[in-house]
Amino acid sequence: MSEERQAEIVQNLTAVRTAMATVPHKPNARLVAVSKYKPAEDLQFAYDAGQRHFGENYVQELVDKSEKLPRDIAWHFIGHLQSNKCKLVAAIPNLFVVETIDSIKKADALNKACVSCNRGTPLKVFVQVNTSNEDAKSGVDPEQCTEVCQHIIDNCPQLDLAGLMTIGMFGRDPSEENPDFKCLVDCKAAVESEIEGRDLELSMGMSADYLQALKAGSTNVRVGTTIFGSRPKK
């Protein structure tokens with residue numbers, strides 16, 4: 001069974017990489033394999049096939065997997081981060097980025113956690129933007145994006161503002177320009193016009209729309225179901 005599972009994951013991963021190569025995209029665009037609810041063995045199969053960037057939505061699951069799996073994995077935290085869990089996340093040595101900073105308060109809490117954990121270098125963060133204006137989605141309003149980014153630069157020396165992230169609305173028409181992606185691109189332009197010397201990444205695009213996101217300028221696509229299959233209910 002494990003050999004079949006390994007073959008399935010490698011085949012899926014290869015298909016995603018091949019698809020990414022067929023569309024125009026930024027040369028630095030990366031694939032993040034979203035592995036929430038999946039056993040460490042599944043991640044190891046993807047790792048053995050050359051995958052290094054993995055995304056997790058839940059703090060304890062990320063902590064557990066980071067202890068079991070190779071130390072050169074670059075972990076992305078992509079779930080809602082509670083302030084009281086910031087120290088757990090910040091203590092993971094090979095945490096690559098926290099993609100879900102959705103308020104000034106959250107940035108301050110994570111900055112404080114990084115200080116207490118004595119991280120050697122500033123932790124990369126993305127500011128999450130609620131581009132679809134959905135009540136159920138976390139993220140700053142697009143109009144607040146520059147303010148939050150400026151706060152991180154001015155007041156959070158243990159954080160490295162590296163990009164912007166959005167989840168966007170599900171079910172958008174793939175044949176039309178995605179308004180959520182356009183909104184995030186516009187937010188990037190607005191921030192960079194106010195803050196000199198920044199070239200922010202764009203984390204947008206998931207299993208259903210990652211190719212469209214790459215065409216729109218994404219540098220960080222988060223693909224889970226297409227690689228690992230559907231997730232069980234928690």
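One is the number of the first residue; the rest follow in order along the sequence.
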For Glu8, which residues count as a salt bridge (Lys or Arg N to Asp or Glu O under 4.0 Å) partner, sequence neighbours excluded?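 Arg5.
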With sequence neighbours left out, what residues match Asp173 under salt bridge (Lys or Arg N to Asp or Glu O under 4.0 Å)?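 Not a single residue meets the salt bridge (Lys or Arg N to Asp or Glu O under 4.0 Å) criterion with Asp173.
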Looking only at atom types and distance, does a side-chain atom of [X] sit under 3.5 Å from a main-chain N or O of [Y], one as donor and one as acceptor?
X: His151; Y: Cys149; answer: no
X: Gln212; Y: Asp209; answer: no
X: Asn94; Y: Arg71; answer: yes
X: Thr226; Y: Val223; answer: no
X: Asn155; Y: Ile152; answer: no
X: Lys106; Y: Thr100; answer: no
X: Lys124; Y: Leu161; answer: no
X: Ser83; Y: Ala109; answer: no
X: Gln128; Y: Leu164; answer: no
X: Asn178; Y: Phe181; answer: yes

Is there a path from [X] to [Y] through hydrophobic residues (I, L, V, M, F, W, Y) whose side chains come within less than 4.5 Å of each other?
X: Leu95; Y: Val63; result: yes
X: Val148; Y: Leu110; result: yes
X: Met204; Y: Val23; result: yes
X: Ile78; Y: Val59; result: no
X: Val185; Y: Met165; result: no

Do Ser35 and Glu56 have a side chain donor and acceptor closer than 3.5 Å?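 Indeed, the side chains of Ser35 and Glu56 share at least one donor-acceptor pair under 3.5 Å.
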Going by atom types only, do Glu99 and Asn220 share a side-chain donor-acceptor pair under 3.5 Å?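 Note: Glu99 and Asn220 side chains meet the donor-acceptor criterion.
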Pair Glu61, Asn57 - check side chain to side chain donor-acceptor pair (under 3.5 Å), show working. CA-CA 8 Å; Glu61 194 172 353; Asn57 291 67; over 6 Å; no
Just do the side-chain contact (heavy atoms from CB on, under 4.5 Å) check on Phe126 and Val98 with the steps written out, would you? CA-CA 6 Å; Phe126 296 167; Val98 172; over 6 Å; no
Does the pair Leu43 and Lys65 meet the rule for a side-chain contact (heavy atoms from CB on, under 4.5 Å), with working shown? CA-CA 9 Å; Leu43 281 71; Lys65 287 176 180 174; 4.0 Å; yes
Can you see which heavy atom on [X] is nearest to which on [Y], and at what distance?
X: Phe228; Y: Ile9; result: CD2-CD1, 4.0 Å
X: Arg17; Y: Gly50; result: NH2-C, 3.4 Å
X: Ser138; Y: His80; result: OG-ND1, 3.4 Å
X: Phe45; Y: Ser2; result: CZ-O, 3.5 Å
X: Ser218; Y: Lys26; result: O-CG, 4.1 Å
X: Ala49; Y: Leu13; result: CB-CD2, 3.9 Å

Calculate, to the nearest 0.5 Å, the distance between atoms [atom1] and [atom2] belonging to [X] and [Y] respectively.
X: Thr131; Y: Leu184; atom1: OG1; atom2: CG; value: 6.5 Å
X: Thr219; Y: Asp199; atom1: OG1; atom2: CG; value: 8.5 Å
X: Ser116; Y: Gln158; atom1: OG; atom2: CD; value: 10.0 Å
X: Cys156; Y: Leu123; atom1: SG; atom2: CG; value: 11.0 Å
X: Cys114; Y: Lys87; atom1: SG; atom2: NZ; value: 11.5 Å

Apply side-chain contact (heavy atoms from CB on, under 4.5 Å) to the pair Leu69 and Gln44, showing each step before the final yes or no. CA-CA 7 Å; Leu69 289 158; Gln44 186 69 53; 3.5 Å; yes
Inspect the contact between [Y] and [X] and indicate whether a charged nitrogen and a carboxylate oxygen are less than 4.0 angstrom apart.
X: Asp160; Y: Arg198; answer: yes
X: Asp108; Y: Lys112; answer: no
X: Lys182; Y: Glu177; answer: no
X: Glu192; Y: Lys188; answer: yes
X: Arg52; Y: Asp72; answer: yes
X: Arg30; Y: Glu201; answer: yes

[X] side chain near [Y] side chain, heavy-atom distance below 4.5 Å:
X: Arg172; Y: Asp180; answer: yes
X: Pro122; Y: Leu159; answer: no
X: Cys86; Y: Leu81; answer: yes

Please determine whether ring-ring contact (aromatic ring centres under 6.0 Å, His included) holds for the pair His53 and Phe96, giving the CA-CA distance in whole Å, both sets of side-chain angles, and the decisive distance to 0.1 Å. CA-CA 8 Å; His53 288 265; Phe96 181 76; 4.8 Å; yes
Worked verdict on Phe54 versus Tyr47 for ring-ring contact (aromatic ring centres under 6.0 Å, His included): CA-CA 9 Å; Phe54 291 87; Tyr47 176 92; 7.3 Å; no
Go through the steps to decide whether Asn130 and Thr166 satisfy the test side-chain contact (heavy atoms from CB on, under 4.5 Å), and finish with yes or no. CA-CA 6 Å; Asn130 186 352; Thr166 192; over 6 Å; no
Take atom CD in Glu134; do more than 12 heavy atoms of anything else shown fall under 6.0 Å from it?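 Atom CD in Glu134 is packed in, count exceeds 12.
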Identify whether NZ of Lys or CZ of Arg in Arg222 sits under 6.0 Å from the centre of the six-membered ring of Tyr210 and within 45° of that ring's axis.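 No, a cation-pi geometry is absent between Arg222 and Tyr210.
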